[in-house]
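Notes follow once the structure below has been shown.
Every heavy atom of this structure was used, including side-chain atoms; hydrogens, water molecules and symmetry mates were not. So you know, we letter chains A, B, ... as the sequences are listed, proteins then strands, and number each from 1.
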Protein chains: 2
Amino acid sequence: MPAQSTRELIVEQADALFYESGFEATSFADIAAAVGISRGNFYHHFKTKDDILDAVIARRMERTRAMLDGWQAEGEGPRERIQSFIHMLIANRSRIMDFGCPVGTLCSELAKLDHAAQGRATEIFGLFRDWLAEQIRALGAVDQAETLALHLLAWSQGVAVMATAFKDEAFIRNEVAGIERWLASLPDLSQPK
Amino acid sequence: MPAQSTRELIVEQADALFYESGFEATSFADIAAAVGISRGNFYHHFKTKDDILDAVIARRMERTRAMLDGWQAEGEGPRERIQSFIHMLIANRSRIMDFGCPVGTLCSELAKLDHAAQGRATEIFGLFRDWLAEQIRALGAVDQAETLALHLLAWSQGVAVMATAFKDEAFIRNEVAGIERWLASLPDLSQPK
DNA sequence: ACAGAATTAGGACAATCGTCCTAATTCTCA
DNA sequence: TGAGAATTAGGACGATTGTCCTAATTCTGT
């Protein structure tokens, strides 16, 4: 297999550090130490810190797309696919309690920094919104699809924020159960084959 | 009326800056410029930046307590009091779309910084949780009070995060309408006088 | 009015920030 | 194998960071 390029290593480590420490609090020196290269070497791969941020956001976009495509290809129905989305809260509960949601916390930080990449970060949310809306549309709720998708997204974000604040795993499980009941209560209006 | 002390001015401006730019991204110089004093003068009032953060959190605790007490004293029922809480999302929608929720974003940032004040910041959420639980208990839902309070808190946090990301006022109004329907659906099991 | 306390301004301090340059090394491929 | 490109390490750069000191000023109470 081909070895990971230095550039990919930088983006990978920066991604993790931006998530765990925040964009502003992560320095070039931190990333260099994580990758194991010298600080000066950075400039050859990325001109500015904002360039790294752009690459990190692009990476997250790609990986999010791949994840959503994966769920799409598993062959089950829209209800099961939405379940995959909800289950992220359980699967990633430990890191969520430590660092929150990677997307939500990045968007919030960039908003405060009034950063130019804010819109690009929000596009990751856009991927989830559109994918969820597609699943809900497949359930037959065509006109409400986007509204319900945003609602589900907001709910999961709220769970992430509160889980980070209170470090309460039982709360996460409680809310996930609530989301699942909500999902089950959505009527399937789609035409049977 | 007594003039505001320099110390109070510092805390007030730091509070606003921490909200609008984040704790990490706000420097002593920023606060000094906002207050209109010299940088060196800071040391007389606060030894470290963390001391300012502590004072800001204490200020937010006080003001939150005062706000909740105010709602409590307005003499209406628990349902109307919870309405006051929900209405914050509408009243502060402009600043929420710009900077998110002051409590949620601070807790998330401090979690990433692994900051010692994290627990103190979470206590502000605790004030809301306990107050909301008290209102829900007054509706007669005694055993579910804390769970429902956390759910409502999480819901509002989710709305704040998504509103900041998408800058969508219609979304806020939609979700607030949803929260109000949810509130209306809570049965009043309390004993009539 | 005056001594002592409180408050202030200005700047020094080492450390770190993001950025950028240069020279050495490694890689690529004709 | 050897020329040219790609990549690297190391450090310089000015600006800014949080922290801290000192000397001047303002305030306070008698």
Side-chain angles (χ1 to χ4, degrees), chain A residues 1-58 106 109-110 112-118 120-121, chain B residues 1-58 106 109-110 112-118 120-121:
Chain A
M1 62 182 181
Q4 220 168 1
S5 74
T6 302
R7 192 195 148 92
E8 282 167 346
L9 273 174
I10 291 173
V11 177
E12 180 183 329
Q13 296 299 320
D15 190 346
L17 285 168
F18 289 174
Y19 175 40
E20 296 169 9
S21 304
F23 170 69
E24 182 81 3
T26 299
S27 71
F28 272 60
D30 293 332
I31 306 173
V35 178
I37 60 174
S38 76
R39 259 152 297 127
N41 192 5
F42 253 101
Y43 191 65
H44 183 260
H45 298 282
F46 297 97
K47 299 283 180 219
T48 68
K49 199 182 176 187
D50 289 351
D51 288 342
I52 302 184
L53 177 60
D54 284 341
V56 166
I57 292 175
L106 180 64
E109 182 178 3
L110 295 183
K112 281 183 198 288
L113 298 176
D114 202 15
H115 196 286
Q118 201 185 341
R120 259 157 295 173
Chain B
M1 58 181 184
Q4 220 169 0
S5 75
T6 302
R7 194 195 147 92
E8 283 167 344
L9 273 174
I10 291 174
V11 177
E12 179 183 328
Q13 296 297 321
D15 190 345
L17 286 168
F18 289 174
Y19 175 40
E20 295 169 11
S21 304
F23 169 70
E24 183 81 3
T26 299
S27 69
F28 271 61
D30 293 332
I31 305 173
V35 178
I37 61 174
S38 77
R39 260 153 296 127
N41 191 5
F42 253 100
Y43 192 67
H44 183 260
H45 298 281
F46 298 95
K47 298 283 181 218
T48 70
K49 200 182 174 188
D50 289 351
D51 287 343
I52 302 183
L53 177 60
D54 284 341
V56 166
I57 292 175
L106 180 63
E109 182 179 2
L110 295 184
K112 282 183 199 288
L113 298 176
D114 202 15
H115 196 288
Q118 202 185 343
R120 259 156 295 173

- Message: Rounded to whole Å, how long is the line connecting atom CZ of A:Phe46 with atom C1' of C:dT19?
- Response: 15 Å

- Message: Expressed as a whole number of angstroms, how long is the span from B:Ile31:CD1 to D:dT17:C1'?
- Response: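 In whole Å, D:dT17 C1' and B:Ile31 CD1 are 13 Å from each other.
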
- Query: Are A:Phe18 and A:Asp30 close enough, and set up right, to give a side-chain contact (heavy atoms from CB on, under 4.5 Å), and what steps lead you there?
  - Reply: CA-CA 10 Å; A:Phe18 289 174; A:Asp30 293 332; over 6 Å; no

Counting side-chain heavy atoms from C-beta on, which of [options] comes nearest to [X]?
| X | options | result |
| --- | --- | --- |
| A:Ser27 | D:dA6, C:dG18, D:dG18 | C:dG18 |
| A:Ala29 | C:dC17, C:dA6, C:dG10 | C:dC17 |
| A:Phe28 | D:dA9, C:dT7, C:dT19 | C:dT19 |
| A:Ile37 | D:dA6, C:dT19, D:dA9 | D:dA9 |

- Item | DNA chain C: 5'-proximal contact among A:Asp50 and B:Thr6 (nearest heavy atom) | B:Thr6

- Note on the structure: DNA chain C nearest-nucleotide lookup for A:Lys49 and B:His44: closer to the 5′ end is B:His44

About how many Å separate [atom2] of [Y] and [atom1] of [X], when rounded to the nearest 0.5 Å?
| X | Y | atom1 | atom2 | value |
| --- | --- | --- | --- | --- |
| B:Ile31 | B:Asp15 | CD1 | CG | 10.5 Å |
| A:Leu110 | A:Glu24 | CG | CD | 10.0 Å |
| A:Thr48 | A:Tyr43 | OG1 | OH | 9.0 Å |

- Message: Is the phosphate of D:dA6 approached by A:His45 (side-chain N or O, under 4.0 Å from OP1 or OP2)?
- Response: no

Hey, are the side chains of [X] and [Y] touching, using non-hydrogen atoms and a 4.5 Å cut-off?
| X | Y | answer |
| --- | --- | --- |
| B:His115 | B:Leu53 | yes |
| A:Val11 | A:Phe46 | yes |
| A:Ile57 | A:Leu106 | yes |

- Write down the atom of A:Val35, the atom of A:Leu9, and the distance for their closest heavy-atom approach.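 Of all heavy-atom pairs spanning A:Val35 and A:Leu9, the closest is CG2-O, 3.9 Å.
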
- Message: What residues from residues 15-25 of chain B pass a heavy-atom cutoff of under 4.0 Å to DNA chain D?
- Response: none

- Tell me, with the steps shown, if B:Val56 and B:Phe23 meet side-chain contact (heavy atoms from CB on, under 4.5 Å). CA-CA 10 Å; B:Val56 166; B:Phe23 169 70; over 6 Å; no

Between protein and nucleotides 20-29 of chain C, what N or O pairs are separated by less than 3.5 Å?
{"residue": "C:dC20", "atom": "OP2", "partner": "A:Tyr43", "partner atom": "OH", "Å": "3.4"}

